[in-house]
Each structure stands twice: as structure tokens, then as C-alpha cells.
Amino acid sequence: MIGVFGGTFDPVHFGHLRPALELYESLALDELRFVPCGRPPHREPPQARAEDRLAMLRAAVRGQRGFVVDTRELERPGPSYMVDTLQSLRDQFGPGRPLLLLLGLDAFLGLETWHRWERLAELAHLVVAHRPGFVPADLLRHPGLWALVSSSQAEDSGELRDAPAGRVLFCQVTQLDISASGIRRLLAAGRDIRYLVPEAVREIIAARRIYD
Ligand code: ATP
């Protein structure tokens, strides 16, 4: 099973990395592909340049077995639609291989605004990690998502292994109230971000003056 974790990673932080590792282990993934977003369709452009976000991400995952940085969205022109990313992964890995799109609960709750969102669950399973500040009850405000969860919720990872796509699994992970925007705010205020990001990421930010 292949995990796909998209994000702007502006910068990558422990709120991404620890849940990612926990999902990698608990779901027994073959690999977890971190896919930095090229041009986010739904939000402001990232503050850091793509090459800096990539350098930080590579430094953050270096040495972790199974963690792969996947640059396809940076190489593709136009807006970075996840549906196109999943389609290209599906083409690469074939129709039978389970693909798991990993999302924080905040991202999942916004899924209906994504380009061709209903297609996402045809291309991959959706694995939703809990994130501080968001509760599954918020789903009640999203009838389309609610319907998807009602019809497709899986009870355990075994159900994901039995099909290439189409199930939704909610997973408990260590809840870390860390966000990239919070880190950028700290940096703008001249504060120290040590212990929120891997030391190698902190060093790259300082050496390249990425958020100055
Ligand atoms: P920003 O604060 O700039 O919006 P972010 O910290 O949310 O950024 P992104 O790169 O936009 O990070 O997020 C990518 C993915 O990581 C999303 O699916 C998001 O839900 C998830 N994620 C980010 N931070 C956490 C966290 N602390 N806990 C769980 N999931 C997270």
C-alpha cells in the first residue's frame, strides 16, 4: 500500500512528520510519498520558493525508511490538482495497488472545494488523521462528505488492503497543535522555532533566510 501525503510544506513541521510516521507504521505502508504542492489552487501561493520547500522536506525525511519525496506537482505546469496527482500515481502503480491519500481532518473537511473531489475516492482510499481544533462532528456541516463517509467508512486498515481505492478511514495520531502558518508567524516576530521543526529544517531556514 502506498501513502500519499500532499501539502505546501511551507515549512514542513513535526505536525506533518509525526502523524505521517504513525500512519506509515500502523497501516504498514510500503512507502509514504510526500508530494509538495506546486501551485495550490485553493489558497495563497506559498511564501517559500518551491526549491526551498523541497530542500526542507528532503532534509526532514532523510534517513527515514519508506519516506519518499515526490516532485511531480512541482514539475507539472498549471494548478496542482490532487486528482491529477492521484491519476498519475494510479497510472504508474497500476489499477490494483491500494493508494491511500492521507489528510488531516481540517483538509478533509474542506475536500468538497477540491477540483473533481468525488473522483479522489475512486482513485485512492482517504485516510483522515485527527488534528487539534477539528472534530469529526464538523462533518455534519458537509452533507456530501457525510454521505461519502456513511457509505464508505472502513473500520480498520485491513479493509484498505482488500481494495485499490474507495474507503475512508479515520485514524488517531498524536495530536500536535503545530501549523506552518503559526511557524511563519513566529519567524516574522523574530521568535525561535526550535522543537517545532526538525533541526535540519530550522538550519536551512536560517541559512537561506527563507522567511526573512
Ligand atoms: P498552513 O498553516 O500554512 O495552512 P499546514 O501546517 O496546515 O499549513 P499544509 O502543508 O498545508 O500544512 O498541510 C498539509 C497536510 O498536512 C494537510 O492534510 C493537513 O491537514 C496536514 N497537517 C498539517 N499540520 C497537521 C497537524 N498538526 N496535525 C495533523 N495534520 C496536519
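Everything numeric in this text was worked out from a predicted model, so none of it was measured. Each ligand, and each atom within it, is numbered from 1 in the order the structure gives.
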What is the closest protein heavy atom to [atom], and at what distance does it sit?
atom: atom 18 (O) of ligand 1; value: G104 N, 3.0 Å
atom: atom 26 (C) of ligand 1; value: G15 O, 3.2 Å
atom: atom 15 (C) of ligand 1; value: F5 CE1, 3.4 Å
atom: atom 3 (O) of ligand 1; value: R43 NH2, 2.8 Å
atom: atom 2 (O) of ligand 1; value: S181 OG, 2.6 Å

Atoms in ligand 1 flagged as close to [X], the criterion being non-hydrogen separation under 4.0 Å:
X: G6; answer: 14 (C), 15 (C)
X: A180; answer: 1 (P), 2 (O), 3 (O), 5 (P), 6 (O), 8 (O)
X: L103; answer: 18 (O)
X: R184; answer: 3 (O)
X: G7; answer: 10 (O), 14 (C)

Would you say [X]'s side chain and [Y]'s backbone share a donor-acceptor pair under 3.5 angstrom?
X: H16; Y: H13; value: yes
X: R161; Y: P98; value: no
X: S179; Y: G182; value: yes
X: E112; Y: G144; value: yes
X: H125; Y: A163; value: yes

[X], portion touching ligand 1 at heavy-atom distance under 4.0 Å:
X: L176; answer: backbone
X: H13; answer: side chain
X: F108; answer: neither

Cationic N near anionic O, under 4.0 Å, R119 to E122: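 Yes, this pair counts.
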Charged N to carboxylate O under 4.0 angstrom, R53 versus D10?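 Looking at R53 and D10, the cut-off is not met.
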Does some non-hydrogen atom of G182 fall short of 4.0 Å from ligand 1?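 The answer is no: ligand 1 sits nowhere under 4.0 Å from a heavy atom of G182.
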Between atom CG of D192 and atom CG of L186, what is the distance when rounded to the nearest 0.5 Å?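 Answer for the CG-CG pair, D192 versus L186, is 9.0 Å.
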So, using side-chain hydrogen bond (donor to acceptor under 3.5 Å, both in side chains) as the criterion, who are the partners of R49 when residues are at least two apart?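 R49: side-chain hydrogen bond (donor to acceptor under 3.5 Å, both in side chains) contacts with D52.
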Heavy-atom nearest option to atom 7 (O) of ligand 1, drawn from H16, E44, H130, R131: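 The nearest heavy atom belongs to R131.
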